[in-house]
Amino acid sequence: MTFHSIEWQGDTLRLLDQRRLPHETVFIACTTASAVAEAIHTMTVRGAPAIGVAAAFGVVLAAYRGEDIPAAAALLRATRPTAVNLMWALDRMLAVTPRTPAALLDRAQQLYDADIAVNRRLGAQAQALIPDGAVAIHHCNTGALATVDYGTALGALRIAHEQGKRIHVYLDETRPRLQGAGLSAYELRAFGVPHTLIVDSAAAHVMRTRRVDFCIVGCDRVAANGDVANKIGTYALALAARAHGVPFYVACPLSTLDLATPDGSAIAIEERAATEITHVAGRLICPEDTPVFNPAFDITPAELVSAIITEQGIVRPPYGAELRSLLANQ
Ligand code: MRU
């Protein structure tokens, strides 16, 4: 049993509308690059690897319609600024020569298949850090829905469960879009992985009052020095983990490494609409026109990250040289 949030059928990209989960399983059909761009921007499809692969098929759709490929790629690239997997996938599409529809479709399908294989390898690597009986805290959604299949951090926990390890996962709900509550709880229930939902602000209390062996999160971009951009709230979770002596692990494929960016201060942090905060289930929860600041991501400094788990191995601090050698040896 699994979820496929991205499906290519004939000449159509079908995307599972993640905004409607866990209540409704509805796919939207995209036949243009601009429809794919809109789906990424609205978070119909979300999660760094998933948006990269969806964008790749967006380029294929542009080719099918005879549109300008670099212009379509630029449109897709501008949808979400933080996840480097999006830029990585588009760069691989633009590198196809000649850019025929068939060759572009081949490349998009390779990216699709590679994502599944990479996540399985990453999940296998992570097992060295997940003992039988482990209790973890996880942030956002990094599972099958956020990728083509399996996922990164959540995929590693799922694989641990599949291997018979008796694990328990605290899922924080992940304000404001609630990917932890709506998506991760949905996935772990389907896979039978024992879990407990908490509000984001309960994480420190849980670490202080209950046993937690580690925190594990995904990632949208790793800078050359090991600073990590991930869903807003990751930094607070890492600070709480450090204060309680709890290891803090980041799981990501090599396509999330951005060694051209020296440190986290150079990573663009997406800001999203105020209504994500001012409204809950469509209802205003604060006085009208309340000023809002809504960064969708934050930077966790490398010194708070105990290890970065990739498909190629587990990297420990100091990260700079280790990350460079991972990429050189891939
Ligand atoms: O805004 P989202 O839901 O796309 O953010 C997702 C995350 O921050 C994930 O942790 C990250 O993309 C890794 S998903 C394997």
Side-chain angles (χ1 to χ4, degrees), residues 47-49 118-147 150-163 165-174 179-181 183-185 187-188 191 193-198 200 202-204 206-207 210-222 226-253 256 297-298 300-302 304-317 319:
V118 157
N119 290 331
R120 293 187 79 132
R121 294 214 304 278
L122 187 159
Q125 296 277 3
Q127 297 314 308
L129 300 175
I130 308 179
D132 187 20
V135 179
I137 298 184
H138 173 271
H139 187 55
C140 196
N141 172 265
T142 64
L145 293 166
T147 59
Y150 275 91
T152 59
L154 209 62
L157 294 166
R158 167 183 167 187
I159 289 169
H161 173 77
E162 285 171 357
Q163 290 185 357
K165 293 178 184 170
R166 290 155 298 177
I167 62 164
H168 192 95
V169 186
Y170 286 99
L171 297 172
D172 71 30
E173 59 178 359
T174 317
Q179 294 95 326
L183 305 178
S184 293
E187 283 197 34
L188 291 195
F191 299 132
V193 182
H195 58 279
T196 303
L197 186 64
I198 58 173
D200 301 354
V206 169
M207 286 187 237
R210 299 183 170 198
R211 199 187 102 213
V212 176
D213 297 300
F214 59 87
C215 297
I216 187 164
V217 301
C219 176
D220 285 76
R221 194 183 291 236
V222 182
D227 288 354
V228 162
N230 192 48
K231 179 53 48 191
I232 191 73
T234 303
Y235 178 34
L237 187 64
L239 285 168
R242 175 56 53 91
H244 294 92
V246 171
F248 191 85
Y249 302 138
V250 172
C252 65
T256 307
F297 297 91
D298 59 26
T300 300
L304 295 180
V305 177
S306 314
I308 298 177
I309 307 161
T310 77
E311 70 272 30
Q312 201 87 336
I314 297 171
V315 186
R316 300 270 186 182
Y319 291 108

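Side-chain atoms are counted along with the backbone in the values below, which use heavy atoms only and exclude waters and symmetry mates.
- In terms of the side-chain contact (heavy atoms from CB on, under 4.5 Å) criterion, residue partners of R210 (sequence neighbours excluded) are, by chain and number, Y170, V206.
- Across every non-hydrogen atom of I159 and R120, the tightest pair is CD1-O, 4.2 Å.
- In this structure P317 satisfies the side-chain contact (heavy atoms from CB on, under 4.5 Å) test together with Y319, sequence neighbours excluded.
- Shortest non-hydrogen contact noted between V222 and G226 is CG1-CA, 4.0 Å.
- You'll find the side chain of C252 reaches within 4.5 Å of the side chain of I308, heavy atoms only.
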Working for side chain to side chain contact (heavy atoms under 4.5 Å, CB included), residues D220 and F297: CA-CA 9 Å; D220 285 76; F297 297 91; 3.3 Å; yes

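- The nearest pair of heavy atoms linking D227 to P301 is OD1-CA, 3.5 Å.
- Applying the side-chain hydrogen bond (donor to acceptor under 3.5 Å, both in side chains) test to pairs two or more places apart or on separate chains, those with a residue in residues 124-139 are Q127-K165, D132-R166, H138-T142, H139-D172.
- A pairwise comparison of heavy atoms in A203 and I137 identifies O-CD1, 4.0 Å as the closest pair.
- Shown here for C215 and M207, the closest heavy-atom pair between the two residues is SG-CE, 3.9 Å.
- More than 12 heavy atoms of other shown residues, nucleotides or ligands fall within 6.0 angstrom of atom CZ in R121.
- For R211, the salt bridge (Lys or Arg N to Asp or Glu O under 4.0 Å) partners are D213, not counting sequence neighbours.
- The closest side-chain heavy-atom distance from Y150 to V118 is not below 4.5 Å.
- Between L183 and T174 there is no side-chain heavy-atom pair separated by less than 4.5 Å.
- Taking the side chain as every heavy atom from C-beta outward, L171 and L154 approach each other to under 4.5 Å.
- One distance of note links CD1 of I167 with NE2 of H195; it measures 11.5 Å at 0.5 Å rounding.
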Stepwise side chain to side chain contact (heavy atoms under 4.5 Å, CB included) check, Y249 with I309: CA-CA 7 Å; Y249 302 138; I309 307 161; 4.0 Å; yes

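- Counting all heavy atoms, side chain and backbone alike, A153 lies closest to I216 at CB-CG1, 3.6 Å.
- The distance from atom CG of L237 to atom CD1 of I232, rounded to the nearest 0.5 Å, is 12.0 Å.
- In this structure, the side chain to side chain donor-acceptor pair (under 3.5 Å) partners of E187, at least two apart in sequence or on a different chain, are N141.
- Listed by first and then second residue, the side-chain hydrogen bond (donor to acceptor under 3.5 Å, both in side chains) pairs that reach into residues 228-242 are N230-T234, sequence neighbours excluded.
- Atom CG of L239 sits about 11.5 Å away from atom NE2 of H244, to the nearest 0.5 Å.
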